[in-house]
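Throughout, a chain's letter reflects where its sequence line sits, starting with A, and its residues are numbered from 1.
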Amino acid sequence: MLGLFDKKTFLRDIPPVGRIFPLCYHNSLTASSQKLSARFSAGLIEPPDFRPIFHEHGYEHKPRPLVIREDENRFLSAGWGLIPKWVKSVEKANQMQNGNLNAKSETIFELPSFREAILERRCLIPSTGFYDSKEVLKNTYPYRVFLIHEEIFCLAGIWDEWTNPETGEVKKTYSMLTTPPNKKFSQIHSRMPLILPRKLEDVWIDQSLKSQKEIEPLLQIYPEENMDFYTIRKFKTDDEFDEDILKKVDYPELSQLELF
DNA sequence: CCAGACGTTGTT
DNA sequence: GTCTGG
DNA sequence: CCAGACGTTGTT
DNA sequence: GTCTGG
């Protein structure tokens, strides 16, 4: 039974321990900087070389514009995946960044990585649609998800600043909050980004809110009525500026499966 | 006290 | 930085 | 992005 | 080489 024969059979027949499942980590921001400035009443966009992003992939950690409030709104350039300021090594920082693409809204006030940021450093993550994949029979089908009545909307984020102990470089990073899905979204995924109703955008980045009691009521599951989605082509690497990711693509076998 | 973790996802 | 486990 | 896997058999 | 998972 045991011995030479058969480690691999054993591993395959038992659910893999620690198997990791997909997170929410594909986004887009296809608006021009003029449009973004107008939408958020903020000048000079950061990063200064911003151009519309058709497919942003979280594990690339590329700086992109967020919106924060100081005296007035302003853009802040940060990379996806929050590195807490207390992380001591570059190696740990990289690991941590990969693990912190999302922050679960249900536990965000307790966890060491997030509890200070949720009280003090909330940000808007402007988006023109995010992407998520549905898994069916071991295949993945990517979807574009968007709001029917709002070309540009905001996902809830928190951010932090970390100093690289080797180079002294200061890095700004952020996490995207997640919630359970609404009924419609649960067709494709079990977790959903926290979409902020437009009326709550100002409140979210209001720095005078500093307690769990005030902030917790903002962590709501976005209602499905204003959301829609459709299937798109599979993701590729280096397709950040490839606008055909926006196009609807049908998967006949998926439509077949959905009949049952 | 010191060392090590600090996170996300879902349940074949 | 702060908490947990040994 | 990077790291790691990448296969076969039959069915309690 | 290419795909998947994190």
Are the aromatic rings of A:Tyr230 and A:Phe146 close, with centres under 6.0 Å apart?
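For A:Tyr230 and A:Phe146, the ring centres are under 6.0 Å apart.
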Close aromatic pair by centroid cut-off 6.0 Å: A:Phe235 and A:His26
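For A:Phe235 and A:His26, the ring centres are under 6.0 Å apart.
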According to ring pair (Phe, Tyr, Trp, His ring centres under 6.0 Å), who are the partners of A:Phe241, at least two apart in sequence or on a separate chain?
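For A:Phe241 there are no ring pair (Phe, Tyr, Trp, His ring centres under 6.0 Å) partners, ignoring immediate neighbours.
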Same-atom distance ([atom1]) from [N] to [M], integer angstrom:
N	M	atom1	result
E:dT4	D:dT8	P	16 Å
E:dG6	B:dT9	P	13 Å
C:dG5	B:dG7	P	13 Å

Hey, does A:Asp238 reach any base, or is it just sugar-phosphate, or nothing, if we go heavy atoms under 4.0 Å?
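Sugar-phosphate, backbone atoms only, no base.
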Tabulated below should be each protein N or O lying under 3.5 Å from an N or O of nucleotides 1-7 of chain B; please produce it.
residue: B:dG7; atom: O4'; partner: A:Asn100; partner atom: OD1; Å: 2.9

Salt bridge check, A:Lys184 against A:Glu225: does any charged N sit closer than 4.0 Å to a carboxylate O?
no
List the atom pairs, donor and acceptor, that lie under 3.5 Å between side-chain atoms in residues 41-54 of chain A and the rest of the protein, sequence neighbours left out.
residue: A:Glu46; atom: OE1; partner: A:Arg74; partner atom: NH1; Å: 3.3
residue: A:Glu46; atom: OE2; partner: A:Ser77; partner atom: N; Å: 3.4

Less than 4.0 angstrom between a side-chain N/O of A:Thr178 and OP1 or OP2 of B:dT8, yes or no?
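Indeed not, no polar side-chain atom of A:Thr178 lies that close.
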Under the side-chain contact (heavy atoms from CB on, under 4.5 Å) test, residues paired with A:Ser211 that sit two or more places apart
A:Lys213, A:Glu214
Answer yes or no for A:Lys234 and A:Tyr141: cation-pi contact, defined as NZ/CZ to six-membered ring centre under 6.0 Å and angle to ring axis within 45°.
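Yes, A:Lys234 lies over the aromatic ring of A:Tyr141.
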Read 5' to 3' with Watson-Crick or G-U pairs under 3.5 Å, [ ] for crossing pairs and | for partners on another strand, DNA chain D gives ||||||......
When rounded to the nearest 0.5 angstrom, what is the spacing between OH in A:Tyr25 and OH in A:Tyr131?
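Output value for this atom pair is 14.5 Å.
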Sorted by number, the residues of residues 47-63 of chain A with heavy-atom contact under 4.0 Å to DNA chain E
A:His57, A:Tyr59
